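Because the structure is a prediction, the values reported are computed rather than measured.
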Amino acid sequence: MKMMQCHQLHRFRADTEGIAFPEQFNNPFRYVPHPLAELAAEQVKAEIAAHRDWVCQLQKGKMLGVLVVRDAEGKPGFLAAYSGNLAADTQAYFVPAIYNLLAPDGEFKVGEAEISNINADIARLQASARRTDAARELEVAKAKKDAALEAFKEQMRQAKTRREAKRQQGLSPSAQAALIKESQFQKAELKRLRLHHDALIAQKKMALDDIDHEIVALKKLRKRMSEALQERIFRLMVVKNAQGEQRDLMEVFDEFYNAHPSLQASPIPPAGAGECCAPKLLQFAFLHGLTPVCIAEFWWGASPAQEVRHHGHYYGACLSKCRPILSYMLKGIAMEETHAQPTIASPKEIILYQDPWIVVANKPAGMLTVPGRLTEHSLQSILSQAIGCDLKAAHRLDMSTSGIVVLAKTPQVYAFLQTEFAERRVEKCYMAWLEGEVATEEGVIDLPLRPDITDRPRQMVDPLHGKRAITRYKVVERSSNGRTLVHFHPLTGRTHQLRVHASHPSGLGCPIVGDMLYGRAASRLMLHAASISFTHPQSKATVCFSAPLPF
């Protein structure tokens, strides 16, 4: 296809002469958008605003992406994509899907119709008069049992009262024996009555179970058909890489999981794999002889209920669906370093206090609290080596967060501090600059959190499966540039608790400045553990420590 006929390749309307092209392709999972990518994104936003039907659909929330490219003549341009599907006719502007799931006679639509028929059969059985009657008869049988047993128990209570009255009047041995025999007979009769009704209930339940077994069998069939359909679709999704190779998604994921077995959660790729922006953009570029320069993805519209997405903010590609695909597609492309260089600081700069039991340190932003999978360089390892003692951090801060960390010098002290944290006897205060103006002066945020298993380390708000997370906050200062300085007092210690509570619409709706995961990139994450108060493990006195705000 000639470039002049490629309608999805868009030229920049703005002047790009003064913008230097990046030397390497950016890491699609963690990046600050290049100025060229930002220009492309703004042009896409303007195009969307000009199409009313696009706006109506996108306002519900959609991830969009741009890929800056060079054509065969070295001229710059960009491609645009959206995740998933849109009902509006957008193929004249956005790049197409790797495999068209919406083709009426395609594999997906045919398989989807077959699964829909199974769903209809399940729904018919669940709503059938046969099942309704069987369920009602079972409930009637249970009610009859309860009524019969209660009536007989009342007879037994009355009989017992009469026997007690007779005993008080004095009885002969034979009369006493007769009363005992009567009591024993009634107990046996109660047992026989219960067994009789249980047998009737079992018959009714069996009739209902026969129908429900049909429903269960259909659901199992539906699951097998769905998994088989997904596998067929993934076989049809053939992607190219920068080296000119191509493989279907089943092969791509198999290769990735063989190299990273701990990351595999299912025998087949996750649903929606290959439908995100980045794979679509790269596929189109490789098929049309375009050279990728930089990529960026941004959110348009309302935020999902559980995730944190802000209109216009840039986000990295998702991990569970895109990491295996992009790892393959980007082979042969020079990329920026995936991992930032660790922050270096001397123990003298870090240590605030130490005694024979604890060390209190001021961790710089960009330094791990404890050693990670990829590096031993951390606050704990640096101080352990400097002090000559095997320290253990009693709690952790995110790598991007600065501030106070307490480390234990002995296992006994560590266990004591862990208990103090677990039982919420430690008081911590964080300070953070937030993007936007917080509506209230102070309050409590109570939003349960759980990991986003499709995009770790991101966290999600989940009232059903999440763990309770509580944060008190108070506004300290409101700046002239629309930012708000707050004090955060976490009453629980969930991962990314303050970051999600600040950014989620049901929290403060104002991301922490520099939060690349839940807000937008800046020079640093402006979150700082400013003070801590706890019981000293040896003296049992309350001790307090603070670290000045570094931003």
| note | In this structure, CD1 of I295 is separated from CG of L79 (nearest 0.5 Å) by 9.5 Å
| query | When you measure from the centre of the six-membered ring of F286, is the NZ or CZ of K240 under 6.0 Å away and within 45° of the axis? | reply | no
| Check: Y414 main-chain N/O paired with T410 side-chain donor or acceptor under 3.5 Å | no
Looking at [X] versus [Y], is the centre-to-centre ring distance below 6.0 Å?
{"X": "Y328", "Y": "F256", "answer": "no"}
{"X": "H536", "Y": "W357", "answer": "yes"}
{"X": "Y315", "Y": "F298", "answer": "no"}
{"X": "F21", "Y": "H34", "answer": "no"}

Should the pair [X] and [Y] be assigned to parallel (<30°), tilted (30 to 60°) or perpendicular (>60°) ring geometry?
{"X": "H288", "Y": "F284", "value": "parallel"}
{"X": "H311", "Y": "W300", "value": "perpendicular"}
{"X": "Y82", "Y": "F94", "value": "perpendicular"}

| side chain to side chain contact (heavy atoms under 4.5 Å, CB included) between R458 and V308, intermediate numbers included | CA-CA 9 Å; R458 292 176 61 89; V308 177; 4.3 Å; yes
| query | Which residue pairs pass the salt bridge (Lys or Arg N to Asp or Glu O under 4.0 Å) test with at least one member in residues 516-541, sequence neighbours excluded? | reply | E435-R520
